[in-house]
> 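Starting off with a structure, shown below.
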There are 2 protein chains.
Amino acid sequence: MLSKKTKYALHALTYLGKHRENKTVLIQDIAEEHGISHKFLENILLELRKAGYLGSKKGKGGGYYLIKEPKDIPLSRVIRLLDGPIALLPCVSLNYYEPCAECKDEAHCGINKVMIQVRDETLKILENKSLQDILDEE
Amino acid sequence: MLSKKTKYALHALTYLGKHRENKTVLIQDIAEEHGISHKFLENILLELRKAGYLGSKKGKGGGYYLIKEPKDIPLSRVIRLLDGPIALLPCVSLNYYEPCAECKDEAHCGINKVMIQVRDETLKILENKSLQDILDEE
DNA sequence: TATAAACCCTATAAAATTTATAGACAATAT
DNA sequence: ATATTGTCTATAAATTTTATAGGGTTTATA
């Protein structure tokens, strides 16, 4: 399951995607819309900005806005950013690889091999779904 | 990522699958093979037995053994049993459904709709990979 | 029939992670 | 000037995961 962080990130991105005509959107507005903590959301939006998905403007009249096209924000990226690996095991993660302590010989581990296949197929799904797909459904 | 519980379960199932000629296998043997806690693994094997994947025999000469064909143990089942939902959000889980607090109107939530698609495609993968596939790779 | 081996079961503790909060700081419009 | 709004880092609270503990029950076998 996705963490609340990722879930809130998706809601925030969706909200921003639906309000692209506005120059900026307040954290507060998104937080209120979904009944989530302003401060918690703040940290999430900050991460999204640092990752290059959002722009921001400080001071009165400030706020956040999307700086990428919704079609260029795949779910895989959002999940990796906030939740970490998409792979089911550390030993098959492309971006967060770590060996599994309990595995003596990764090269001959059937679990490893199968999980690589699962990872590749899962990635295909999550790379092909983007914020645009979410917006299209709203 | 899978929990250690699920990961250990997969290792145990693999071990049992590779030792089907033996009548029984000791918890201790599996635990030692992978350097994991005997007691922790005990609880996991118990769950696998209660779920109908393993049989056990008490007393001297006892132990665990597979009672299902490896091809009839899909990854989806093992993951659900030990880790819970496969769906990325509670609101799209088939087996562990719960509404999302921050979502006002599930029927018109694009995130919900897209996650249903992701769930269905993910399920296809995990239902089609079984313990047999792991064994075939060893 | 005594004994040791092995799983059964429930409870609890420890560790790690996730979720949430706090508060001082910086930029900007008016 | 002042109020507004994002920035950033630290810490606390809550939850979940991981691990341990220990007394049962069953069974083979000497």
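By convention in this document, chain letters (A, B, ...) are assigned in the order of the sequence lines, proteins followed by strands, and residues within each chain are numbered from 1. What you see below is based on every heavy atom in this structure, not just the backbone, and it leaves out hydrogens, waters and symmetry mates.
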> Across nucleotides 23-30 of chain C, 5' to 3', mark each nucleotide with B, S or - according to how protein heavy atoms within less than 4.0 Å reach it.
B---BBS-
> Pair up each side-chain donor or acceptor in residues 43-50 of chain B with any protein partner under 3.5 Å, not counting sequence neighbours, and list the distances.
unit_1, atom_1, unit_2, atom_2, d
N43(B), ND2, K39(B), O, 3.3
E47(B), OE2, K5(B), NZ, 3.2

> Using a cut-off of strictly less than 4.0 Å, decide whether S56(B) has a side-chain nitrogen or oxygen near OP1 or OP2 of dA6(C).
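Looking at the OP1 and OP2 atoms of dA6(C), neither is under 4.0 Å from any side-chain N or O of S56(B).
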> Compile the donor-acceptor pairs under 3.5 Å between side chains in residues 60-88 of chain B and protein atoms, sequence neighbours left out, one pair per line.
unit_1, atom_1, unit_2, atom_2, d
D83(B), OD1, S3(B), N, 3.4
D83(B), OD1, S3(B), OG, 2.4
D83(B), OD1, T6(B), OG1, 2.9
D83(B), OD2, S3(B), N, 3.1

> Residues from residues 14-35 of chain B sitting under 4.0 Å of DNA chain C, heavy atoms only?
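Residues of residues 14-35 of chain B under 4.0 Å from DNA chain C: V25(B), L26(B), I27(B).
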> Under the side chain to side chain donor-acceptor pair (under 3.5 Å) definition, can you give me all pairs with a residue in residues 110-122 of chain B, not counting sequence neighbours?
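Sorted pair list: K129(A)-Q117(B), E137(A)-Q117(B).
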> Can you name the residues that form a salt bridge (Lys or Arg N to Asp or Glu O under 4.0 Å) with K18(B), not counting sequence neighbours?
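With sequence neighbours excluded, K18(B) shows a salt bridge (Lys or Arg N to Asp or Glu O under 4.0 Å) to E138(B), given in chain and number order.
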> With rounding to the nearest 0.5 Å, note down the distance linking CD1 in I134(A) to OG1 in T14(A).
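Going from the CD1 atom of I134(A) to the OG1 atom of T14(A) covers 4.5 Å.
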> With heavy atoms under 4.0 Å as the rule, sort K7(B) into base, sugar-phosphate or nothing.
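Counting heavy atoms under 4.0 Å across all strands, no contact is made by K7(B).
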> The criterion is side chain to side chain donor-acceptor pair (under 3.5 Å); which residues satisfy it with D105(B), sequence neighbours excluded?
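Partners of D105(B) by the side chain to side chain donor-acceptor pair (under 3.5 Å) criterion, ordered by chain and then number, come out as H108(B).
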> Would you give the length of the straight line joining atom CG of L16(A) to atom CG of L135(A), rounded to the nearest 0.5 angstrom?
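Rounded to the nearest 0.5 Å, the CG-CG separation comes to 10.0 Å.
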> If I take atom CD1 in residue I44(A) and atom P in nucleotide dC8(D), what distance separates them, rounded to the nearest angstrom?
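Interatomic distance, CD1 of I44(A) to P of dC8(D): 16 Å.
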> If I take atom CG in residue L41(B) and atom P in nucleotide dA6(C), what distance separates them, rounded to the nearest angstrom?
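In whole Å, dA6(C) P lies 15 Å from L41(B) CG.
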> Provide, to the nearest angstrom, the distance between the OH atom belonging to Y64(B) and the P atom belonging to dA5(C).
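For the pair Y64(B) OH and dA5(C) P, the rounded distance is 19 Å.
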> Rounding to an integer number of Å, can you tell me how far L45(A) CG sits from dC8(D) P?
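For the pair L45(A) CG and dC8(D) P, the rounded distance is 13 Å.
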> Figure out the CG/P separation between L82(A) and dT19(C), and round it to whole Å.
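Interatomic distance, CG of L82(A) to P of dT19(C): 10 Å.
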> Return the value, rounded to whole Å, for the distance between atom CD of E47(B) and atom P of dC8(C).
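Result: 13 Å.
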> Could you tell me how far apart K50(B) (NZ) and dC7(C) (C1') are, to the nearest whole angstrom?
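For the pair K50(B) NZ and dC7(C) C1', the rounded distance is 12 Å.
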> Check nucleotides 14-19 of chain D against the protein and report each pair of N or O atoms closer than 3.5 Å, with its distance, or say if there are none.
unit_1, atom_1, unit_2, atom_2, d
dT18(D), OP1, K4(B), N, 3.1
dT18(D), OP2, K4(B), N, 3.3

> Suppose we screen for salt bridge (Lys or Arg N to Asp or Glu O under 4.0 Å). Which residues come up paired with K104(A), at least two apart in sequence or across chains?
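For K104(A), the residues satisfying salt bridge (Lys or Arg N to Asp or Glu O under 4.0 Å) (neighbours in sequence not counted) are E33(B).
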> For residues 1-35 of chain B, which residue pairs qualify under ring pair (Phe, Tyr, Trp, His ring centres under 6.0 Å), counting only residues two or more places apart or in two chains?
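Residue pairs with at least one partner in residues 1-35 of chain B: Y8(B)-F40(B), H11(B)-H34(B), Y15(B)-H19(B).
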> Any heavy-atom pair between the side chains of P90(A) and M1(B) that's under 4.5 Å?
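Yes, their side chains come closer than 4.5 Å.
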> Using Watson-Crick and G-U wobble pairs whose two distances are both under 3.5 Å, how do you write the pairing of DNA chain D as dot-bracket, with | for links to another strand?
||||||||||||||||||||||||||||||
> Roughly how far, to the nearest 0.5 Å, is the CD1 atom of I111(A) from the CD1 atom of I116(A)?
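Interatomic distance, I116(A) CD1 to I111(A) CD1, rounded to 0.5 Å: 12.5 Å.
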> Can you list everything that forms a salt bridge (Lys or Arg N to Asp or Glu O under 4.0 Å) with E102(A)? Sequence neighbours excluded, please.
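So E102(A) forms a salt bridge (Lys or Arg N to Asp or Glu O under 4.0 Å) with K7(B).
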> Would you mind reading off the distance between H38(A) atom NE2 and dG6(D) atom P, rounded to a whole angstrom?
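Value for this atom pair: 6 Å.
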> What closest approach, in Å, do L10(A) and L2(A) show between heavy atoms, and which atom pair accounts for it?
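So the two residues come closest at CD1-CD1, 4.1 Å.
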> Please examine the side chains of L123(A) and L94(A), heavy atoms only from C-beta on, and report whether any two atoms are closer than 4.5 Å.
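Yes, at least one pair of side-chain atoms sits under 4.5 Å.
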> R49(A) side chain N/O closer than 4.0 Å to the phosphate oxygens (OP1, OP2) of dT5(D)?
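R49(A) to dT5(D) OP1/OP2: no side-chain N or O under 4.0 Å.
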